[in-house]
Each structure stands twice: as structure tokens, then as C-alpha cells.
A.B. asks: 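Sharing a structure with you now.
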Amino acid sequence: MNNEKIIIKGAKEHNLKNIDLEIPRNKFTVFTGLSGSGKSSLAFDTIYAEGRRRYIESLSAYARQFLGQIEKPDVEYIEGLSPAIAIEQKTISKNPRSTVGTITEIYDYFRLLYSRIGVPYCYKCGKKIERQTAQEIVDQILLLKEKTKVEIMAPLIRGQKGEYQKLFKQLEKDGFIRVRVDGNVFEVNEEIKMDKNKKHHIEAVVDRLVISSGIQKRLTDSVETALKMGQGLVLVSYNGKNEIFSETYSCSKCGINLVEMSPRMFSFNSPFGACPECSGLGTKMELDPDLVVPDKSKSIFAGCIEPWSSESSYYYSQIMENLSRHFNFKLNTPWKDLDPKIRHMILYGSGDEIISFEYHGSSGSRNYKSSFEGVIKNLERRFKETKSDYIRDWIGEYMASRNCPACKGNRLKPEVLAIKIEDRNIIELCSYSIKELIKFFNGLSLSEKDRFIGQRILKEIKARLAFLSNVGLDYLTLNRNAGTLSGGEAQRIRLATQIGSGLVGVLYVLDEPSIGLHARDNDRLIESLIKLRDMGNTLIVVEHDEKTIRTADFIVDLGPGAGVNGGEVIVAGTIKDIIACGKSLTGQYLRKEKEIEIPSMRRKAKGKFLKFHDVRHNNLKNIDVEIPLGLFVCVTGVSGSGKSSLVEETIYPALTSHFFHSGKFSGVKSIHGLENIDKVIDIDQSPIGRTPRSNPATYTGLFAPVREIFALLPDSKVRGYKAGRFSFNVKGGRCEACEGDGIIRIGMYFLPDVYVPCEVCQGKRYNRETLEIRYKGKNIYEILEMSVDEALPFFKNIPAVNRILQTIYDVGLGYIKLGQPATTLSGGEAQRIKLSSELSKRATGKTLYLLDEPTTGLHFDDVKKLLEVLNRLVDSGNTVLLIEHNLDVIKTADHIIDLGPEGGDEGGYIVAEGTPEEIIKIRNSYTGRSLKEIL
């Protein structure tokens, strides 16, 4: 077997044309080429899939059933493979409990560190907590009132799964009579049924006594026995209360006991550490007065209380009239001018004050006396009581996520937050950025004993922090929610975790790690990749970034085109080989034979602007943003500077809230210039469909007019076929054997599921009768099998179809099939299909298009085509606003808004605004410095 190379023979997955290739092992290899040329098919769907499949095949059949089965890629053989790890672009879990700290495992090390060397303090009086002796515990129990019935118990099992029958037998042998299981007392010789999949609490009842003057000796013996059995813990039950005393830690002044100092105590996902009020989330959904009364310049009479302005408004208006009479205020006074006490009463109720209400309805009048519940209290009660999803969604519109009032957003119990290292609790450390944490741990001064205990934990923490810093993520805080990370950030976190694992001899397959990374941080990323290679690993990186391509040891350029026109290796070798190859499109751009040109003239602002005042979302520092309309505008800045917070999380929600009334939004004080745009469209790289039933024809709306054409044919009219007959999603025209899928899945238990073409329709999706209808000699299945290039001349006389086909062709997707399953399209292809769908619509010239890094997955040549499409949108009078790091795109912009100067807390300011030529003059703009080199 060859240890020097990975040898691939006959790779035919997706569009690959029977590729034979040799890749050097323990080297840094880059796969590049046009979007859709087969890079991911070769790197992920062939090499990685086979490496992973072989590893899983080596496991037992029992283990394999839990891992799911992996289909063998379409390749003759691969030699020299190592176990493979893929570091892909898919975003991390949206679970609100996932944070940067938990996914990097740094928080796990923090928990261990705090449980071993943390210093506990009393959260009430602030006194340092010391250990308790058995005598001190007895003295505290004797302070209870005389004749109080007390049970002394030894906690044996605390929140663990199992049946514990052996434990009960042992207790009986040791002479114990009673045991308490999950709060219920049993005799040990009874049959105690336990669910082995549920967590249980078990305590041995050591003694039961009544507080009186002569019990001290007996109580001391019982407490000592319980402490011995409970490993330093004793549980005292009296008057329905359960109090745990610990030989370890308690505050003698406040009587507060710290049960244990274990890692699970510091977990906000465990009931032992999580704040009981918010279950460790740190936030609660509460009704927001600002959303209940959004316009404070309106009066109650004009409908300022929004939930009551429409729903049964006649009933509520009479309630308000009664309140105004009783409390002597006017209903036509603007809300902001009402007495604060009156405003509070309307929102939160009149308390104990009784009011006389008169109500005149269609069924008659009635008088009654009652206190007033309050608008917010009324909505809260209805939210809890209702079983209607509609009502819950409606009330949910007036709710906002607020910090939990009990833990103030800190997620943990107060006694856990009182455990500190150098006067900082675990949550305070998590609010620091990676950069600040590195500084904190380097300056940490510990006692000799603590340093010895914590040295290995501290070594792991420092190493992981350094890896995150090296991949350009030193602005992140550990408490940042994982769902708010971009695809690039998530991928680089995984990369840092892999470097931290220190594995050797592994094949790493990466998908564009430079995405979301500013030119300034790219060098650090490349250093990290080289470090991973130098540890003795093989790296295969799918990448379009010029700097990364030039750094690679070996480059594979795929092409010559995309889709059916791609799937071939054009050239494989060093950077010199790529540049020297005349056929290589990548080589032409690297030797500057082809390039993305700087526009000779930039468009000037037409005097119309969209202005956002006082934007304060995430790390944005109350900035005023002015977007010139009718231009190509780029938002730039280093990673974490606030670009996505501004565009995706402020501008887009604020505008959709205005145009589509989609909930309320409160990240910006005011917006001016809304009359200058008529809609906002966000074009991202998410898939156009998650099932093979979705395809370019259905997504772009092309399939509807095609089906209409078929329905108008004479044969269809004779048979009474309507357009629905030609859909593969509904009964009638589709093949019912495969329900219009064209393939049938056969479950194979211990082997991967096998997909076979449907025997009835031979994979054509439609029944025989439907396929008999032909337009220009082709049936509906053959139309879906056509590429856009073939379909254009075929439908040239049908404007409704031709217009859509032309725009798909214009965005460089002439090679894709009309019926190609959406699941086989790359991110770049999916985004360009969305763009073509927008281009094919009748332009109003007043649309704002938002794009977040549209060059992801795009080759130099694809970027050139994308810019032509975006400029067409701008030339029609629309505005394009995009977040971008690609300097080839930034240099062509009409206007740049540069955020920074750094990431995280040090970002969120506007550093520079203007044309690229103006930006390069701003000294503290990192974008300006990078642009200077290419302008």
C-alpha cells in the first residue's frame, strides 16, 4: 500500500467524469475551479465519504446500527486513505443552550477548574464559606423548636439513573429499616419498582426523633453515621422541609450550605447548577411595555394600546372610559403626557383598589365592582390559560426576550455564582473576549497548592484559547450564543477544536475556511492550516482565495466548465504548474491574463438615502447609518465588527417589520427615507429546497407556464387534462408506484438503504398516459431533463418561459437541468438561482436587495458573472447592499460602509464611509489598507 499518496481511480460521483488522481499525503492540497465543477463532489462526496465509510465499516454491527449507514461513493477504488474528518460550513446548533464556551469545550474545563480551586463565598453576606463539623451540624439541628419531628437521612444516590436493587439489599443487611426514594418512604424489605431510564434520588433513613433536651448524644451518633454513609452529606427533613448539611462547606452566619463542589454544579444545563426560575437559559419571554404601546405620541382614544386597539375594541374602550372617570384622566391625552402612575395602573392593574364599571352591550347593560387587572397582566394570564395557538402567537408579538429577574441573565444559582477565582465567578469569565481571557490566565496568581491542582486544566484552557485566537476569533466571548455565529466562524471554531485535539495521521477535508474572514486575518488562518499539516496530517481544502491557493503544496484545478461541462481535472500540481497551464481558468486569473476590472466610473448618489438612527443591536454602538439609494453598497470590516448585526439583524428585520408587519422590532430608534423603497429582499445561500422534489424549474416559477403549455395542447384537451396533470407532486399524472419520485428506497437494515429506479415508470416520475402528450416532440419528463442551454432555443417563442430561462443563463447557470434536484446544487448555485428568480420579475426600480457574502463558493470567473448580475439590478434603479470580504467585489463598489475598528466589544463603530478611493485614505481602516494594495 502506498504511504506517500492517496490514489483515486474512476471517481464518477455526481458530475465527475471517471477521474483518476494522485494526491500527496501529509501535504496541504487545495481543490479549486468554477462553482459546480465538481470540487465538493470529489473532496466531500468521494474522498471524505469513503474515508468515513471505511472507518464505520471497521466497527461492529451493533455499533454501526447507531451511526446510520453510509452509501459507498461511486468510485472504483481509493488507496492510501486515513480516517477522515470534515470541517464543513454548516452552521452550528441553534439551541439557545449552546454557547461558544460549550461547543469549544472550554466551558467544561472552566467547570472543572472552579470545582477544584474555586473559593466559595456566602451569596447573602459575602463571608468566605468554611467546612462544617458534625458538632456544628448537631448544634444547628438543636436550634429547632421543641417537639419538632426530625428525620436524619444519608443521601446515597443524587439524580442518577438505575434500578439500585443491590443497594436496597445491602441496606437491609446493614440493619436499616427505611429508605426514601424520590421523596417517598419505603421499608427496605418491600419490593421497590424503579424505572432504570429515569434519574432517582435515594436516601437511607438513619434515625427518626423528636427535638427535646436529652437527644444530643443520639443525634450526634445519627449525624455521624449519615455523614459517613452520605460521603460528607446529611439530609435533615422536618415540617415538610429538606435541608442538606455538608461536612464540606456552609455559612455559619446565614445557615447557607454548599452541597458539593462538582463540575455539574457549574453547568446551566443541569438542575444542580441551573437557575430554577429560567432553567438555565438566562432569559425569559415577557410582555414588553414598548411593544404594547409602540407609539407614545398617540392617545388611548387614538389606539395607542395596540393589543386593545383592534381586538373587541368596543368592550375595551368602555373599560377605559370607566377607568378615566375613576382616576380622573383624559382619554385623548397623548400616552407620553399621562401621569406615570396612571400609565403603570393601565399596564399593571389597580391592585386592591375597587372600581365601579358600567358596561353597555348589544345584550343589555350591567354594572359591577372590581379591581382592574391591567393590560399586561391580562395578556399574561391569557397567554398561560389559552390552548389556542393563534392567541399565543398573537400575544407573542408583544413579548420580548428579557434577562431572567432571578439570575439577571447569569443562568446559574446564586450559591454557584458566589464561587470565585481571583474575585471573578465563572459567568464573569465567560463574558470576557478570547483576547481578554488569554490576558487573565497569563496573569493569574495562585497559591502553590492551587497551582499544582490546576496546572493541567490551565494548560488545556490556555492552549484552546490560543487556537481560537490563531484562527482569527479572539473577539468572540464564551457566552456568545452558538446560533448567532456565521458559517465561517462556526467552521473556524471546529478547526481550532481539531488543532486542539492534537491528532496525527488524519485526513482533514475543509470547505472554504476563509469565508467570513477579513484579508487582515487570513494569514493567521493559513498559519493554523500549516500547523495542522506539520503535525503529520493530510489537508484537502476546497478554496477560491488567491492567498490560500498560492500557499498550498499541491493544487487540483477542476473544470473546464460547471455541471455537465465540468467534472474533469484540468491540471494538478504546484502553483507554477497551475500558472503555466494554458487551459486552466484559475491559471489565467493567477497570471492576471483575466481579472475583475475596477470600474472606470463609479455611480454617484442621487440624493435619496435610507437613514437608520441610533442602531444599538449586539455590539453596534448607537451608530447612525446612511445608505445612498440606487448604488452598489458594500458593508465591510474585520470579523465580528458588526456587519451581520447591522444588515441581517437590524436593517432586514426593521424593513420587513415596516413592509410586511412581521412582528415588532426594537434595535433602531428611527428610520427615515422609507418612502424611497417599496420592498426589501434578502438573498442568502440557504438551499432552494430540502427535498429532491424541489428543482430550478419549480423554484423560479418556470414550471407553471410549461405545464400550462402542455394543458393547452389538442391531445390534452381531448383527454380533459388540466395543468395539474403534469405535476409530479399530486395524484393524477404522476406515477403512483413511486409517488412521482422516480426512485424507490429499499431499507437494508445493517447495510445502507438502496435507491433503485421505479420499475413502473423507469425513473420518469409520470404515468404512461401523461408521457404520451408531447410538445415539439418532447414529453414533460424530457423537458425537465433539458439543460437551460438546450431549453432556451426550444422555448424562444414563449415569452413567459424564455424570460426566466434567459435570466438563469445570464447568471452563468446554462449547464443545470431544469429538473435537477435542489439537494444536488451547491450554495453558490442556489444563490444564483434566487438571483435569477429576482431578475426575471418586473423591476420597480425601488427595491433594496440584501446579500451576505454572495461570493461564498465562487471562483474568480463566477464572481465576475455575479457582479454583472448585481450591476444589472443597480442599473434598473435598485439598491444592492452586501456584506463582503472579497477585495475583488469591494473594489467595484460605488459606496463602502466600513465597520470596526476591531471585532467584538472593540467593534460596532463606523470607521470609514465613501468610495474605495476615499476609504484607502483612512489610516485606521483595515479594509482601506488591504484595498490600497490592489487599487
Side-chain angles (χ1 to χ4, degrees), residues 283-327 329-351 355 357 359 361 370-403 612-617 649-672 674-675 679-680:
T283 57
K284 289 185 87 175
M285 288 300 286
E286 289 182 354
L287 280 146
D288 185 348
D290 289 335
L291 297 179
V292 171
V293 186
D295 188 350
K296 290 164 184 60
S297 62
K298 277 186 181 178
S299 65
I300 295 169
F301 192 70
C304 72
I305 301 169
E306 194 156 299
W308 283 12
S309 64
S310 56
E311 201 225 28
S312 313
S313 53
Y314 182 64
Y315 168 72
Y316 290 120
S317 65
Q318 290 198 47
I319 284 182
M320 283 300 165
E321 282 169 21
N322 288 303
L323 289 175
S324 70
R325 240 189 337 266
H326 184 91
F327 289 101
F329 67 90
K330 290 184 176 156
L331 294 175
N332 57 3
T333 305
W335 178 264
K336 63 176 192 285
D337 297 334
L338 285 172
D339 186 312
K341 286 179 184 170
I342 296 292
R343 293 201 301 242
H344 187 273
M345 178 276 300
I346 292 170
L347 294 177
Y348 297 100
S350 62
I355 301 151
F357 287 99
Y359 176 67
S370 163
S371 60
F372 174 59
E373 187 178 24
V375 178
I376 284 178
K377 293 289 178 193
N378 170 271
L379 292 170
E380 276 175 359
R381 176 179 57 77
R382 290 170 66 188
F383 188 77
K384 284 174 189 165
E385 291 173 2
T386 185
K387 288 185 170 63
S388 159
D389 287 341
Y390 171 76
I391 295 292
R392 288 180 77 86
D393 289 346
W394 170 70
I395 297 174
E397 287 184 11
Y398 302 102
M399 291 179 132
S401 179
R402 290 280 162 88
N403 275 351
F612 295 83
H613 295 287
D614 200 7
V615 182
R616 54 188 181 280
H617 184 63
E649 296 172 35
T650 304
I651 293 175
Y652 183 60
L655 295 179
T656 49
S657 173
H658 169 76
F659 289 118
F660 312 115
H661 309 291
S662 58
K664 319 293 178 291
F665 181 74
S666 55
V668 59
K669 195 173 184 182
S670 61
I671 308 170
H672 298 291
L674 286 166
E675 67 281 358
K679 62 176 183 284
V680 60

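Side chains are part of it too, since the values below use all heavy atoms of this structure and drop only hydrogens, waters and symmetry mates. As the structure is a prediction and not an experimental result, all values here were calculated from the model.
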A.B. asks: The test is side-chain contact (heavy atoms from CB on, under 4.5 Å); show your working for Asp393 and Glu397 and say whether it passes.
C.D. replies: CA-CA 7 Å; Asp393 289 346; Glu397 287 184 11; over 6 Å; no
A.B. asks: Ignoring hydrogens and angles, write down the donor-acceptor pairs under 3.5 Å from the side chains of residues 341-348, residues two or more places apart or on other chains.
C.D. replies:
residue: Arg343; atom: NH1; partner: Trp335; partner atom: O; Å: 3.3
residue: Arg343; atom: NH1; partner: Lys336; partner atom: O; Å: 3.1
residue: Arg343; atom: NH1; partner: Leu338; partner atom: O; Å: 3.3

A.B. asks: Taking the side chain as every heavy atom from C-beta outward, state whether Leu379 and Trp394 have any pair of such atoms under 4.5 Å apart.
C.D. replies: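 In short, these two side chains touch, coming nearer than 4.5 Å.
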A.B. asks: Checking Trp308 against Ile300 for the side-chain contact (heavy atoms from CB on, under 4.5 Å) test, could you report, in this order, the C-alpha distance in whole Å, the side-chain angles of both residues, the deciding distance, and whether it holds?
C.D. replies: CA-CA 10 Å; Trp308 283 12; Ile300 295 169; over 6 Å; no
A.B. asks: Would the distance check show the side chain of Arg392 and the main-chain N or O of Phe383 forming a donor-acceptor pair, the cut-off being under 3.5 Å?
C.D. replies: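 Yes.
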A.B. asks: Please list, chain by chain and in numerical order, all residues satisfying side-chain hydrogen bond (donor to acceptor under 3.5 Å, both in side chains) with Asn322, sequence neighbours excluded.
C.D. replies: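 For Asn322, the residues satisfying side-chain hydrogen bond (donor to acceptor under 3.5 Å, both in side chains) (neighbours in sequence not counted) are Arg325.
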A.B. asks: One thing to verify: whether Arg381 and Glu385 come together as a salt bridge, which I'm taking to mean a side-chain N less than 4.0 angstrom from a carboxylate O.
C.D. replies: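 Salt bridge present between Glu385 and Arg381.
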A.B. asks: Within this structure, what is the CD1-CD1 distance for the pair Ile651 and Ile671, rounded to the nearest 0.5 Å?
C.D. replies: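 It is 9.0 Å, given to the nearest 0.5 Å.
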A.B. asks: To the nearest 0.5 angstrom, please state how far the NE2 atom of His672 sits from the NE2 atom of His613.
C.D. replies: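 One gets 4.0 Å once the value is rounded to the nearest 0.5 Å.
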A.B. asks: So for atom NZ, which belongs to Lys377, do other residues, nucleotides or ligands contribute more than 12 heavy atoms lying within a distance under 6.0 Å?
C.D. replies: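 No - once you tally the heavy atoms of other residues, nucleotides and ligands closer than 6.0 Å, there are 12 at most.
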A.B. asks: With a 4.5 Å limit on heavy-atom distance, are the side chains of Val680 and Tyr652 in contact?
C.D. replies: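 They are in side-chain contact.
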A.B. asks: Using every non-hydrogen atom in the two residues, find where Pro294 and Cys304 come nearest and quote the distance to one decimal.
C.D. replies: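 Closest approach of Pro294 to Cys304: CD-O, 3.8 Å.
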A.B. asks: Side-chain contact, heavy-atom cut-off 4.5 Å: Asp295 with Glu306?
C.D. replies: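 A side-chain contact under 4.5 Å is absent here.
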A.B. asks: Can you name the residues that form a side-chain contact (heavy atoms from CB on, under 4.5 Å) with Asp614, not counting sequence neighbours?
C.D. replies: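 Arg616, Asn622, Lys669.
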A.B. asks: Mind checking ring pair (Phe, Tyr, Trp, His ring centres under 6.0 Å) for Phe372 and listing every partner two or more places apart, or none if nothing turns up?
C.D. replies: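 Not a single residue meets the ring pair (Phe, Tyr, Trp, His ring centres under 6.0 Å) criterion with Phe372.
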A.B. asks: Decide yes or no for Leu331 and Leu323: does some side-chain heavy atom of the first lie under 4.5 Å from some side-chain heavy atom of the second?
C.D. replies: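 Of all side-chain heavy-atom pairs linking Leu323 with Leu331, none is under 4.5 Å.
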A.B. asks: Does any part of the side chain of His617, heavy atoms only, come nearer than 4.5 Å to the side chain of Glu649, both counted from C-beta?
C.D. replies: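 In contact.
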A.B. asks: How many angstroms lie between atom CE of Met399 and atom CD1 of Ile376, to the nearest 0.5 angstrom?
C.D. replies: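 Spacing of CE (Met399) from CD1 (Ile376) equals 10.0 Å.
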A.B. asks: Give, for atom CD1 of Ile355 and atom OG of Ser350, the distance between the pair rounded to the nearest 0.5 Å.
C.D. replies: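 It is 3.5 Å, given to the nearest 0.5 Å.
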A.B. asks: Counting only N and O atoms by type, is there a donor-acceptor contact under 3.5 Å from the side chain of Thr656 to the main-chain atoms of Pro653?
C.D. replies: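 Yes: the side chain of Thr656 pairs with the backbone of Pro653.
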A.B. asks: Nearest 0.5 Å, please: how far is CG in Leu287 from CE in Met285?
C.D. replies: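 CG of Leu287 is found 9.0 Å from CE of Met285.
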A.B. asks: Minimum heavy-atom separation for Val292 to Pro307, with atom names?
C.D. replies: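 Reported closest heavy-atom pair: O-CD, 3.5 Å.
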A.B. asks: Decide side-chain contact (heavy atoms from CB on, under 4.5 Å) for Leu655 and Phe659; before the verdict, give the C-alpha distance in whole Å, the side-chain angles of both, and the deciding distance to 0.1 Å.
C.D. replies: CA-CA 6 Å; Leu655 295 179; Phe659 289 118; 4.3 Å; yes
A.B. asks: Looking at residues at least two apart in the chain, or sitting in another chain, which of them share a salt bridge (Lys or Arg N to Asp or Glu O under 4.0 Å) with Asp337?
C.D. replies: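 Residues passing salt bridge (Lys or Arg N to Asp or Glu O under 4.0 Å) with Asp337: none at all.
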A.B. asks: With sequence neighbours excluded, tell me which residues meet salt bridge (Lys or Arg N to Asp or Glu O under 4.0 Å) with Glu321.
C.D. replies: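 By the salt bridge (Lys or Arg N to Asp or Glu O under 4.0 Å) rule, Glu321 matches no residue at all.
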A.B. asks: Rounded to the nearest 0.5 Å, what's the gap from NZ on Lys330 to CZ on Phe301? Could you check?
C.D. replies: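 Interatomic distance, Lys330 NZ to Phe301 CZ, rounded to 0.5 Å: 13.5 Å.
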A.B. asks: List the atom of Ser371, the atom of Gly351, and the distance in Å for their closest heavy-atom pair.
C.D. replies: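 Residues Ser371 and Gly351, closest heavy atoms: CB-O, 3.3 Å.
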